Number of protein chains: 2
Amino acid sequence: MFSKACEYALKIMIYLCTVQEEGKLAGLKDISNANGSPEAYTAKILQQLVKNGLLQSHRGPTGGFKVSDRPITLLEVVVAIDGESIVKDCVLGLRECSSARPCPVHDKFVAIRDHLKGVLNTTYLTDIKSGVIEGNRFLKL
Amino acid sequence: MFSKACEYALKIMIYLCTVQEEGKLAGLKDISNANGSPEAYTAKILQQLVKNGLLQSHRGPTGGFKVSDRPITLLEVVVAIDGESIVKDCVLGLRECSSARPCPVHDKFVAIRDHLKGVLNTTYLTDIKSGVIEGNRFLKL
DNA sequence: CTAATTAAGGATATAAAGGTCCGAAAATCT
DNA sequence: AGATTTTCGGACCTTTATATCCTTAATTAG
């Protein structure tokens, strides 16, 4: 469904939300540790999230990452890493696929995609962080 | 969503259904042509569909491929090529993710996945071939 | 039987995703 | 200022997906 990089990105964002008490920053080691993602690869993903304005970073000692100070949806995270293909492209790979010129499964998948897009677009990071903080939702294993 | 190979496989199966008048066989060239997939790669996918019992093949002149003579769902095709990951694995990549030990988005995605699985599991190739035959659903471009 | 045709299957090439390494740049602390 | 810590960014390696090539096996027609 999502690329590995995108899976990591979502976990990173959720984790950073849970740590974000009093504007504290979390470092790379901390982050990759918390969601079980390889450190060097995690660094790349963090960079990309910063570039896309979803995270803010600060270098040097006491440096690290924090979530940008505004509501962020799951969709924004997914699009930042995987692009819009998951909510746009034809499931059979047709370049042109619309109700005017549909592929054989167009209608069926429009419904599924709308469902997916709806969830991604209305679920905010702040909505889901509490479960992790309370310890009954997990980011690892 | 699906791998390229799986996209091809779905188109192959649908196409073969539309050609399947009077038990006629379709050859590799014909098939790859009809859905715009590279010939040699299409051959590999056809082999895999035969191995999985979704197609039957026949060699030699007048040889080719035909859809196995029983109702086949989209899910069977997807699973034959991509495995069950799309309907089984955690979207955040957790090895263990269940209602007993859920990831932060478990509930939201259970609903989406059930929707997807439902469509794949109840849509038969015969249900969708008519649109292609009538010429108002397309497999190419 | 021979030639022609078609799928099967192994080997190999190419592209993309996933992942690592290391030096440079920025910030902090002493 | 100098040493240290941490992110940035480029180069590189590994694995998987995508795609091609070519030989072999089966089948049919002449």
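Computed from heavy atoms alone, side chains included, the values below leave out hydrogens, waters and symmetry copies. Being a predicted model, the structure only gives us computed values, none of them experimental.
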query = Within less than 4.0 Å of OP1 or OP2 of D/dT7, is there a side-chain N or O belonging to A/Gln47?
reply = no
Mind jotting down which residue pairs meet the salt bridge (Lys or Arg N to Asp or Glu O under 4.0 Å) criterion with at least one end in [range]? Sequence neighbours excluded, please.
{"range": "residues 114-141 of chain A", "value": "A/Arg137-B/Asp107"}
{"range": "residues 65-87 of chain B", "value": "B/Arg70-B/Glu76, B/Glu84-B/Lys88"}
{"range": "residues 5-14 of chain B", "value": "B/Lys4-B/Glu7"}

In whole angstrom, give the distance that lies between atom [atom1] of [X] and atom [atom2] of [N].
{"X": "B/Leu25", "N": "C/dT6", "atom1": "CG", "atom2": "C1'", "value": "11 Å"}
{"X": "B/Leu46", "N": "C/dG9", "atom1": "CG", "atom2": "P", "value": "13 Å"}
{"X": "B/Asn52", "N": "C/dA8", "atom1": "CG", "atom2": "P", "value": "13 Å"}
{"X": "A/Met1", "N": "C/dA17", "atom1": "CE", "atom2": "P", "value": "17 Å"}
{"X": "A/Gln48", "N": "C/dG19", "atom1": "CD", "atom2": "C1'", "value": "14 Å"}
{"X": "A/Leu49", "N": "D/dG9", "atom1": "CG", "atom2": "C1'", "value": "16 Å"}

Results of ring pair (Phe, Tyr, Trp, His ring centres under 6.0 Å) for B/His58 - residues two or more places apart only = none
message = Test: ring pair (Phe, Tyr, Trp, His ring centres under 6.0 Å). Region: residues 122-141 of chain B. Which pairs qualify, not counting sequence neighbours?
response = none
request  = Not counting sequence neighbours, which residues clear side chain to side chain contact (heavy atoms under 4.5 Å, CB included) with B/Thr62? List them please.
outcome  = none
message = Going by the rule side chain to side chain contact (heavy atoms under 4.5 Å, CB included), which residues pair with A/Gln47 if we only count those two or more places apart in sequence or in a different chain?
response = A/Lys44
remark   = Nucleotide by nucleotide, nucleotides 18-30 of chain D touches protein heavy atoms under 4.0 Å in the pattern (B base, S sugar-phosphate only, - none) SBB----BBBB--
ask   = Within the distance-only criterion (no hydrogens, no angle test), does the side chain of A/Ser68 pair as donor or acceptor with the backbone N or O of A/Gly53 below 3.5 angstrom?
value = yes
message = Determine whether a donor-acceptor pair (N or O, by modelled atom type, separation under 3.5 Å) exists between the side chain of B/Gln20 and the backbone of B/Val67.
response = yes
inquiry  = Considering every strand and a 4.0 Å limit on heavy-atom distances, what is the contact class for B/Leu28: base, sugar-phosphate, or nothing?
reply    = sugar-phosphate
message = Any residue in residues 76-87 of chain A with a heavy atom nearer than 4.0 angstrom to DNA chain D? Just list them by number, or reply none.
response = none
